[in-house]
Amino acid sequence: MNRGDERNGAQLRELDRAHVWHPFTPHSAYADDDPLMVVAGEGHYLIDADGRRYLDGVSSLWCNLFGHRRPEIDQAIREQLDRIAHATFLGNATAPAVTLAKRLVDKAPAGLTRVFYSDNGSTAVEVALKMALQYWQQADGGAQKQRNAFLTFGNAYHGDTIGSVSLGGIDLFHERYRPLLFPTIQAPSPGVAGCAQALEALVSRLGHTLAAIVLEPGLQGAAGMVTQPAGFTRRVRELADRAGALLVLDEVAVGFGRSGQLFASNKEGVAPDLLCLAKGMTGGYLPMAATLTTERIFLAFLGHPSEGRTFFHGHTYTGNPLAAAAAHATLDIFEQTDLLAELPGKVARLATLLDALRVLPAVGDIRQYGLAAGIELMADRETGTSYPAVERRGMQVCGAARRRGVFLRPLGDVVVVMPPLTLTDEELAMLVRVVHESITEVCGAPVAVTA
Ligand code: PLP
């Protein structure tokens, strides 16, 4: 089959089944889940091989900020193609990645002056961990090199490389890699009552061993869309300072407008020592990530090359010019449109729309942060009883949404709503109406009250 035949849905599905191994996908159920075969996109819609259109309700996994085929980003990539697609960044530089670094540090929280590029959210976090560890080995002649532990929060998800997996709540998918993982100190999830006290106790006891505390500011996304009490990120910054440890904020999911501001760190009023960015950085077009850090950390890596203080990490496509061009166009859109000013209104509208779902008996909880929300399905919300995992209610609800023209992907029994930031009011209303109808179809309607 050549590229000219890529509109033949049946053939594509056959090839997919025969040759492809998908990420985070149980293949015994894959075909039955009727996967989308995307051949095109237009604005906020995905178009499949049979010509059907689906509202992209999860922004193509939380990264597509302004819809598909956004003219400004398409154009920026085309113009960059006329110059060069790729050249190495190892010991060299390319123009668009250099100018992008300047724009990023200008917009990021104060004090972050250096940009280290990589390719995805996992590597952005992996880089932050390696930098933090090496920083303590090299700073002040290694006076604090005992700082080699990382403190994270229950159920956190920071990616799939071994370093970033080690930070996570080690769950079903990652438990089997335990021999490869390094030990971390786990505070309870920020969504759990008593987290702040437990965190304080851990920091008091182990603070002197900590290289860094690692947190997703505002919202733990893949953990199940777990929101944090107001001021939590600031409190974590204070505790990191008290312990003398670094603070890593992972804005892979909440960065680039998702929080309602360009960066969640700014929204939470916190400047980290290391900031991890990815996903929306290129408007959802190309894989690119960045780990931003302070001059204090950067300086600890200087010295004659023979001293070996260099940060020995890099990828073939680090700083890729096409991706950098897409990231520039993404920042242009934030700067040149009213999107950021309009976001608070959209966030409030989403909250109002979601509120109407609370009448559904299966809706156990609704958690929203900025233009992102998780709707948790429960068999009995009074007792907090989950549905049996084997029923895959979350997947069923997303299947029902698909039949109604909306593409969603759940986290277990949490239905995730994470639309492009540019969704119109009508599309937002349609999205939540479809979620309402789909939960009703799969889990039942409210019991009618008779007079
Ligand atoms: N960190 C956070 C907070 C994430 O949500 C994710 C992905 O969902 C990652 C890291 C990993 O990013 P990637 O999938 O690009 O490796």
Side-chain angles (χ1 to χ4, degrees), residues 22-25 58-65 116-130 132 150 152-171 173-174 177 184 189-191 212-228 232-233 236 247-259 263-265 267-268 270 272 274-292 313 315 317-318 320 323 326-327 330 367 369-374 408-412 414 416-418:
H22 288 267
F24 277 108
T25 302
V58 284
S59 304
S60 288
L61 222 61
W62 314 359
C63 64
N64 185 281
L65 303 181
F116 189 96
Y117 291 111
S118 61
D119 304 342
N120 55 69
S122 307
T123 55
V125 173
E126 193 85 10
V127 163
L129 300 184
K130 289 171 76 175
F150 290 90
T152 71
F153 296 85
N155 275 340
Y157 174 78
H158 293 283
D160 295 331
T161 53
I162 290 302
S164 57
V165 165
S166 301
L167 296 175
I170 309 305
D171 50 23
F173 358 106
H174 297 133
Y177 310 123
T184 55
S189 158
I213 303 180
V214 187
L215 173 71
E216 288 168 76
L219 175 80
Q220 283 187 314
M225 309 298 280
V226 179
T227 49
Q228 300 165 13
F232 188 78
T233 307
V236 173
L247 175 65
V248 178
L249 291 185
D250 176 353
E251 288 212 34
V252 168
V254 291
F256 294 101
R258 185 60 60 191
S259 70
F263 295 122
S265 308
K267 176 174 169 173
E268 303 297 330
V270 172
L274 293 134
L275 176 68
C276 304
L277 303 173
K279 286 198 185 278
M281 186 168 167
T282 61
Y285 269 61
L286 287 162
M288 179 176 239
T291 307
L292 274 60
H313 185 114
H315 304 282
Y317 287 101
T318 292
N320 175 258
T330 297
R367 298 181 288 269
Y369 181 75
L371 210 62
L408 295 172
R409 189 176 156 82
L411 291 161
V414 177
V416 175
V417 170
M418 207 162 320

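Order of listing sets the numbers, starting from 1, for every ligand and every atom in it.
- Nearest heavy atom pair, residue Met225 against residue Arg367, reads O-NE, 2.7 Å.
- Going from atom OG of Ser59 over to atom CG of Leu61 covers 9.0 Å, rounded to the nearest 0.5 Å.
- Sorted by chain and number, the residues within 4.0 Å of ligand 1 by heavy atom are Trp62, Asn120, Gly121, Ser122, Tyr157, His158, Gly159, Glu216, Asp250, Val252, Ala253, Lys279.
- At a cut-off of 3.5 Å, with distance as the only test, a side-chain donor of His158 or Asp250 sits close to an acceptor on the other residue.
- For the pair Thr184 (side chain) and Ser166 (backbone), a donor-acceptor distance under 3.5 Å is present.
- A heavy-atom distance below 4.5 Å is found between the side chains of Leu371 and Arg258.
- Listed for the Thr330 side chain is a donor-acceptor partner under 3.5 Å among the backbone atoms of Gly283.
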